Amino acid sequence: MPLLRPPLHRVCALGRPPVRPLMNLRELVSALNDFASPALAESWDNVGLLVEPSPPHTVNTLFLTNDLTEEVMEEAVQKKADLVLSYHPPIFAPLKRVTWKTWKERLVVRALENRIGIYSPHTAYDAIPHGVNNWLTKGLGTCTSVPLHPSTAPSSPAEGTHRVEFCADAEHLDAVLSKIQDIPEISCLTTLPVRVEGEEQTRVSLNCSQKALLEVVALLSQNSLLYHKTEILLLQKPLLPHTGMGRLCTLSEPLSLSDTVERIKGHLGLPHVRLALGAGRTLESPVKKVALCAGSGSSVLKGTEADVYLTGEMSHHDVLDAVANGISVILCEHSNTERGFLSELREALTIHLQNKINIIVSEKDRDPLQVA
């Protein structure tokens, strides 16, 4: 009886790992923007897709790093990355040329030569509820946290900064509307018939910018009857829950300052941190409230009442101010307060992107400062 063998294609199918589908770069960037809207980033920041190979560009491997150095770029090339997600934007100050002269220019050259895109989220990841600052709070143990500087909704139905409402009779309505429509930065202009003190009038409502508001008020002030019936409302975007810069953490149970330091060192995997004792504090002083900000937190933490400030770096004089106010300061070096988030990010993006692409974390990325 002849020996029967299974078809060759079945052997091959069983002998190799399952093939992941690819994602188009623009589809992937859209998904990354959904994960953390670039609109949540600080106004001074440079976030989003920074380097784009010529389309079409498909992504099989997404490479995560905190800082995109030349060493990390070579690692991305060797691991056949199609898109680098660098938490810090490697392009911040505008480039006037792209040559081989400076290391940041060389990053762009190497990326394009190897058809690697570069995307940076930076402070958008600081703001989101599932981002870098939230990860940093986990080093404190059980606590409740709120943003130090809450974010507002990046977009809302209302346009403009102010709403102006006034009533006009038929004699003045057409002339006023004609002039208002000639003013730039006017939106949502509506009219509604109303009865005011027994007279038929029209209620006019419009949204406008700060600049346009001055022109609208100047126009209405020419007619005292219109001007005295004018209401001006300041339009404010709603706050987003659990979203914003920094965190104020209230521990469920107070810790000694010494235990707080040890928890942070364990969470960040650091043998040493820098500590400044607040005036009148000791290592055994109780810690109930911790204000934190990943990276460089001086501007975010300043003025916050807390037992401890936790961040990567602060200026000498900002540390002195905190200490004088009885606040102890824990400094861990800038990127040490951020880099550990990448492992958590990898798991979150795997779910968010529905396991469609390979996601790997750099092994070469590290903080440039070491204790000698």
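Predicted model only: the values in this text are computed from it and were never measured. Heavy-atom basis, side chains included; hydrogens, waters and symmetry copies ignored.
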Considering all heavy atoms, the nearest Ala81-Ile116 contact: O-CG1, 3.2 Å
Ile264-Leu331 co-clustered via ILVMFWY side chain contacts under 4.5 Å: no
Residues, nucleotides or ligands: over 12 heavy atoms within 6.0 Å of Glu113 CD: yes
Test side-chain hydrogen bond (donor to acceptor under 3.5 Å, both in side chains) applied to Glu347 and Thr350, step by step: CA-CA 5 Å; Glu347 300 304 316; Thr350 297; 5.2 Å; no
Side-chain donor/acceptor of Ser256 to backbone N/O of Asp259, under 3.5 Å: yes
Backbone of Val204 reached by a side-chain donor or acceptor of Thr191 within 3.5 Å: no
Check against side-chain hydrogen bond (donor to acceptor under 3.5 Å, both in side chains), Asp169 and Gln201: CA-CA 5 Å; Asp169 55 29; Gln201 296 194 6; 5.4 Å; no
Arg366 bridged to Glu333 by N-O distance under 4.0 Å: no
Interatomic spacing from CD1 in Ile91 to CG in Leu107 - rounded to 0.5 Å: 8.0 Å
Criterion side chain to side chain contact (heavy atoms under 4.5 Å, CB included) on His57 and Glu52, from CA distance to verdict: CA-CA 8 Å; His57 183 64; Glu52 179 182 9; over 6 Å; no
Check: Asp82 side chain, Asn60 main-chain N or O, donor-acceptor pair, under 3.5 Å: yes
Option from Trp135, Phe341, Phe35 for which ring pair (Phe, Tyr, Trp, His ring centres under 6.0 Å) with His130 holds: Phe35
Atom CZ of Phe92 with >12 non-hydrogen neighbours under 6.0 angstrom: yes
Spatial distance of atom CD (Gln78) from atom CG (Asn114) [nearest 0.5 Å]: 9.0 Å
Check: Gly295 main-chain N/O paired with Thr337 side-chain donor or acceptor under 3.5 Å: yes
Exam field: side chain Arg110 to backbone Glu74, donor-acceptor pair closer than 3.5 Å: no
Test item: side-chain donor near acceptor, Glu42 and Thr123, under 3.5 Å: no
Sub-4.5 Å side-chain heavy-atom contact between Leu64 and Ile359: yes
Thr250 versus Lys289, side-chain donor and acceptor atoms under 3.5 Å: yes
Any side-chain heavy-atom pair of Arg339 and Asp67 under 4.5 Å: yes
Same cluster (ILVMFWY, side-chain, under 4.5 Å), Leu345 and Val47: no
Asn355 side-chain N/O to Ile351 backbone N/O, donor-acceptor pair under 3.5 Å: no
Heavy-atom closest pair, residues Ile183 and Ala212: CG2-CB, 4.1 Å
Shortest non-hydrogen separation from Cys332 to Asn336 and the atoms involved: O-ND2, 2.8 Å
Pairwise side-chain contact, Tyr87 with Leu68, heavy-atom cut-off 4.5 Å (strictly under): no
Linked, directly or transitively: Val216 and Leu189 (ILVMFWY side chains, under 4.5 Å): yes
Full working for side chain to side chain contact (heavy atoms under 4.5 Å, CB included) between Val84 and Thr65: CA-CA 7 Å; Val84 171; Thr65 185; 4.0 Å; yes
Cationic N near anionic O, under 4.0 Å, Glu75 to Lys79: yes
Distance (rounded to the nearest 0.5 Å) between Leu28 CG and Leu22 CG: 11.0 Å
Residue pair Arg203, Glu231: steps toward the salt bridge (Lys or Arg N to Asp or Glu O under 4.0 Å) verdict: CA-CA 11 Å; Arg203 186 164 187 83; Glu231 297 178 350; 3.4 Å; yes
Gly297 backbone acceptor or donor facing Thr311 side chain under 3.5 Å: yes
side-chain hydrogen bond (donor to acceptor under 3.5 Å, both in side chains) between Asp367 and Ser335, intermediate numbers included: CA-CA 6 Å; Asp367 194 274; Ser335 66; 2.5 Å; yes
Electrostatic pair Glu27-Lys356, nearest N-O below 4.0 angstrom: yes
Basic-acidic side-chain contact under 4.0 Å: Glu200, Arg195: yes
Pro55 and Arg26, any side-chain heavy atoms less than 4.5 Å apart: yes
Leu225 CG to Glu171 CD distance, which is reported to the nearest 0.5 Å: 9.0 Å
Lys302 and Asp318, any side-chain heavy atoms less than 4.5 Å apart: yes
Salt-bridge contact Glu165-Lys229 (side-chain N to carboxylate O under 4.0 Å): no
Close side-chain approach of Leu25 and Leu49, heavy atoms under 4.5 Å: yes
Spacing of CG belonging to Leu277 relative to CG belonging to Leu283, to within rounding of 0.5 Å: 5.5 Å
Partner of Glu70 by side chain to side chain donor-acceptor pair (under 3.5 Å), out of Lys104, Arg106, Lys364: Arg106
Short side-chain to backbone donor-acceptor contact, Ser328 and Gly278, under 3.5 Å: yes
Co-membership, hydrophobic cluster, residues Val300 and Val329, 4.5 Å side-chain: yes
Gly139 versus His267, closest heavy-atom pair with distance: CA-CG, 3.4 Å
Within-4.5 Å side-chain heavy-atom neighbours: Arg163 and Ile232: no
Pair Tyr309-Met314, side chain to side chain contact (heavy atoms under 4.5 Å, CB included): steps then yes or no: CA-CA 10 Å; Tyr309 285 173; Met314 287 175 64; 4.2 Å; yes
Worked check of side chain to side chain contact (heavy atoms under 4.5 Å, CB included) between Leu257 and Thr282: CA-CA 7 Å; Leu257 178 58; Thr282 71; over 6 Å; no
Non-hydrogen atoms of Lys80 and Thr61 that approach each other most closely: O-CB, 3.8 Å
Heavy-atom closest pair, residues Ser151 and Leu40: CB-CD2, 4.1 Å
Backbone of Ile327 reached by a side-chain donor or acceptor of Asp307 within 3.5 Å: no
Single-linkage hydrophobic cluster Leu112~Leu95, side-chain heavy atoms < 4.5 angstrom: yes
His172 and Asn223, any side-chain heavy atoms less than 4.5 Å apart: yes
Distance (rounded to the nearest 0.5 Å) between Leu248 CG and His149 NE2: 10.5 Å
Side-chain (Ser37) to main-chain (Asn33) donor-acceptor, under 3.5 angstrom: no
